[in-house]
A.B. asks: 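Take this structure, written in structure tokens, and hold onto it; I'll ask about it next.
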There are 2 protein chains.
Amino acid sequence: MTKSSASTEAVDDYLKAILELSGPADARVTSNALAAHLSIRAASVTGMLQKLAALETPFVLYEKHRGVRLSPAGRRRALEVIRHHRLLERFLHDVLDYPWDEVHEEAERLEHYISERLEDRIAARLGHPGHDPHGHPIPAKNGAVAERTEVELSRWPCGVPGTISSVSDRDPAALREMKRLGLVPGTSVLIEPGARTGSVLVRVAGQTPTRLAPEIAAGVLIGEGS
Amino acid sequence: MTKSSASTEAVDDYLKAILELSGPADARVTSNALAAHLSIRAASVTGMLQKLAALETPFVLYEKHRGVRLSPAGRRRALEVIRHHRLLERFLHDVLDYPWDEVHEEAERLEHYISERLEDRIAARLGHPGHDPHGHPIPAKNGAVAERTEVELSRWPCGVPGTISSVSDRDPAALREMKRLGLVPGTSVLIEPGARTGSVLVRVAGQTPTRLAPEIAAGVLIGEGS
DNA sequence: CGCTTGATTTAGTCATGCCTAAATTTGCAG
DNA sequence: CTGCAAATTTAGGCATGACTAAATCAAGCG
Ligand SMILES: [Mn+2]
Ligand SMILES: [Mn+2]
Ligand SMILES: [Mn+2]
Ligand SMILES: [Mn+2]
């Protein structure tokens, strides 16, 4: 007879992963993709998906062998957790002086445990920010997200000025390197001629051009239509 | 063969409860007392105590039918969690404008999930405070606690001036009432003659005397030797 | 259209923690 | 000293979530 109640950390993480992997088109996500993303065995993923689909108010729509999609309730919860995560990152960075490469890990844990009350207090204290320190949009309380089209710096056309909209927050070392080079959201960049396999020659904020390693360039996103 | 690793929320709560119930004399705590304090069945408590005692590095010393005491490792962890709790209360109150009757619930959950790093940042941001908003001492990183002898206001002698050292933080309604009456740590009080069953006639900070309900008076503690 | 193969699900376990019901032990009163 | 009542432990279960090994399904290939 399933159960109602709130979500656990494990459930939250599945919902976030499904939202991230399903992309803007809301495509179905396979068990295998989730298993890889969450570092959990595919067999365990199947079990969890069946449970999430069998809830009184299901969090996912599941057809065996064809992957899952979020239900409205699942999407709502996923966005709430992402809101917690990004508000926490902004807060740790702005109020507690965390360096931007350390906020992710702390937020990843706390996002599941802060109350609505604390979420609101943090948002108010920060002046209801629109983005986290890495440039990712913070969903509004109603779930609205300011979506943008973004292109990897490594694929941005040569000679066209662009502005960094966000950077990947998964690799602390890469983040430190980006900060050192001035590759932060809001900075304007220009790709110089002289491409070599994967690497990119970029002029950051009008400075002398620098050559970026492929891993770095892949983690920097340029906003289209700025 | 047991397990090593970190502690869970359940384990943390047991350790805190044992520390609180064993008092300054470090007396043995019974399963029943823990069951009542934690709102868990005595049978479940026994199971957990056996596990905590069987750990590679035991958190408790357990003799069946005779109660438990904390091991050095157990005491260390309990004090760390209490430090987290009180720092969080201070932080929520001072930095995020939480009213003092709402900090406890939020801290009770978060205390198990903040990293050492966040603990340190919060302490630094607050200037390494010695007490939480209710006047309870914040253990130092090394576990040192500034112990004081305290007496319930309801048992404080008539006519002897005293200073409020702390108040119980368990009952939000009582805390709101205390705040309204000015019964906060640091305030001086004087018991006036005119005792009735349980209630107390008290002069707060030199104001006109007020009569306190027994539940309120029992939650206000006066420091001895101030 | 069958086959092989990789993806996915099922079956059977395990650890954590809590619960109820049924022993057991303790300690105190008579 | 006995016995009883209260405290405590044991036994047996359940829910969550993850894992391994063993099916089973789905697709593309010949
Ligand atoms: Mn998480
Ligand atoms: Mn981020
Ligand atoms: Mn707790
Ligand atoms: Mn407190």
Side-chain angles (χ1 to χ4, degrees), chain A residues 1-18 21-22 27-69 74 77 81 108-109 112-113, chain B residues 1-18 21-22 27-69 74 77 81 108-109 112-113:
Chain A
M1 284 293 96
T2 75
K3 268 280 279 296
S4 48
S5 77
S7 57
T8 63
E9 173 159 5
V11 170
D12 281 353
D13 285 342
Y14 273 91
L15 298 179
K16 269 205 312 178
I18 296 169
L21 294 174
S22 62
R28 275 194 287 250
V29 179
T30 66
S31 304
N32 244 19
L34 283 169
H37 189 85
L38 295 169
S39 298
I40 284 174
R41 297 298 122 133
S44 308
V45 171
T46 296
M48 179 62 101
L49 295 183
Q50 292 174 338
K51 200 176 57 176
L52 296 180
L55 292 173
E56 184 190 298
T57 302
F59 275 141
V60 305
L61 310 174
Y62 170 70
E63 291 176 81
K64 66 166 65 166
H65 293 289
R66 345 191 88 246
V68 280
R69 289 166 47 182
R77 177 59 189 169
V81 177
E108 187 63 35
R109 206 165 356 91
H112 312 287
Y113 301 107
Chain B
M1 279 293 96
T2 75
K3 269 280 279 299
S4 46
S5 77
S7 56
T8 63
E9 173 158 5
V11 170
D12 281 352
D13 286 342
Y14 274 91
L15 298 180
K16 270 205 311 179
I18 296 169
L21 294 173
S22 62
R28 274 194 288 250
V29 179
T30 66
S31 305
N32 244 19
L34 282 169
H37 190 84
L38 295 169
S39 299
I40 284 174
R41 298 298 125 141
S44 308
V45 171
T46 296
M48 179 62 100
L49 295 183
Q50 291 174 335
K51 200 175 56 175
L52 295 180
L55 292 173
E56 184 190 297
T57 304
F59 276 142
V60 304
L61 310 173
Y62 170 70
E63 292 177 81
K64 66 166 65 168
H65 294 288
R66 343 192 91 246
V68 281
R69 289 166 47 180
R77 176 62 190 167
V81 176
E108 187 63 33
R109 205 164 356 91
H112 312 287
Y113 301 106

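Note: hydrogens, waters and symmetry copies are ignored here, and every other heavy atom, side chains too, is used. Below, chain A is the first sequence line, B the second, and so on; all start at residue 1.
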A.B. asks: To the nearest Å, how far apart are A:K51 NZ and C:dT10 P?
C.D. replies: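 These atoms are roughly 16 Å apart.
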A.B. asks: Side chain to side chain contact (heavy atoms under 4.5 Å, CB included) between B:Y62 and B:T46: does it pass, once the steps are laid out?
C.D. replies: CA-CA 10 Å; B:Y62 170 70; B:T46 296; 3.8 Å; yes
A.B. asks: Give the rounded distance in Å between these two atoms: CG of B:N32 and P of D:dT9.
C.D. replies: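 It is 9 Å, rounded to the nearest whole Å.
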A.B. asks: Which atom pair, heavy atoms only, marks the closest approach of A:G74 to A:L15?
C.D. replies: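 Nearest pair, atom of A:G74 first, then A:L15: O-CD1, 4.1 Å.
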A.B. asks: Using a cut-off of strictly less than 4.0 Å, decide whether B:S31 has a side-chain nitrogen or oxygen near OP1 or OP2 of D:dA7.
C.D. replies: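 It does not, given that no N or O in the side chain of B:S31 lies less than 4.0 Å from OP1 or OP2 of D:dA7.
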A.B. asks: Taking only heavy atoms on the protein side, list every residue of residues 38-49 of chain A lying under 4.0 Å from any atom of DNA chain D, sorted numerically.
C.D. replies: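 Heavy-atom cutoff 4.0 Å gives A:I40, A:R41, A:A43, A:S44, A:M48.
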A.B. asks: Taking all atoms of both residues into account, what is the closest heavy-atom pair of A:Y14 and A:L34, and its distance?
C.D. replies: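 Residues A:Y14 and A:L34, closest heavy atoms: O-CD2, 4.4 Å.
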A.B. asks: Nearest-Å distance, NE2 (A:H37) to C1' (C:dA7)?
C.D. replies: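 Computing the A:H37:NE2 to C:dA7:C1' distance gives 19 Å.
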A.B. asks: What are the two closest non-hydrogen atoms of B:D13 and B:L38, and how far apart are they?
C.D. replies: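 Heavy-atom minimum between the residues: O-CD2, 3.7 Å.
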A.B. asks: Above 12 or not: heavy atoms from other molecules or residues under 6.0 Å from CZ of A:R69?
C.D. replies: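 No, the 6.0 Å shell around CZ holds no more than 12 heavy atoms from other groups.
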A.B. asks: Where do N or O atoms of nucleotides 25-27 of chain C meet protein N or O atoms at under 3.5 Å, pair by pair?
C.D. replies:
none

A.B. asks: Heavy atoms only: give me the nearest B:H37-B:A17 pair and the separation to one decimal.
C.D. replies: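 For B:H37 versus B:A17, the nearest heavy atoms are CD2-CB, 3.6 Å.
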A.B. asks: Please report the closest heavy-atom contact between B:I18 and B:V60, naming both atoms and the distance.
C.D. replies: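 Here B:I18 and B:V60 meet closest at CD1-CG1, 3.8 Å.
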A.B. asks: Looking only at non-hydrogen atoms, find the nearest pair between B:L49 and B:S31 and report the distance.
C.D. replies: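 B:L49 and B:S31 have their closest heavy atoms at CD1-OG, 4.0 Å.
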A.B. asks: Given A:R28 and A:L61, is the side chain to side chain contact (heavy atoms under 4.5 Å, CB included) satisfied, shown in steps?
C.D. replies: CA-CA 9 Å; A:R28 275 194 287 250; A:L61 310 174; over 6 Å; no
A.B. asks: Once you round it to whole Å, what is the distance between P of C:dG17 and CD of B:Q50?
C.D. replies: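 Answer to the nearest Å: 14 Å.
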A.B. asks: Measure from CZ on A:R28 to C1' on C:dT8 and round the result to the nearest Å.
C.D. replies: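 The answer, rounded to whole Å, is 14 Å.
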A.B. asks: Specify the separation, in whole Å, of atom CG of B:L52 and atom C1' of C:dG17.
C.D. replies: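 It works out to 11 Å between those atoms.
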A.B. asks: Give a yes/no answer on whether the side chain of B:T30 brings an N or O atom under 4.0 Å of OP1 or OP2 in D:dA7.
C.D. replies: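 Looking at the OP1 and OP2 atoms of D:dA7, neither is under 4.0 Å from any side-chain N or O of B:T30.
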A.B. asks: Whole-Å distance between D:dG17 P and A:Y14 OH?
C.D. replies: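 My rounded result for the distance is 9 Å.
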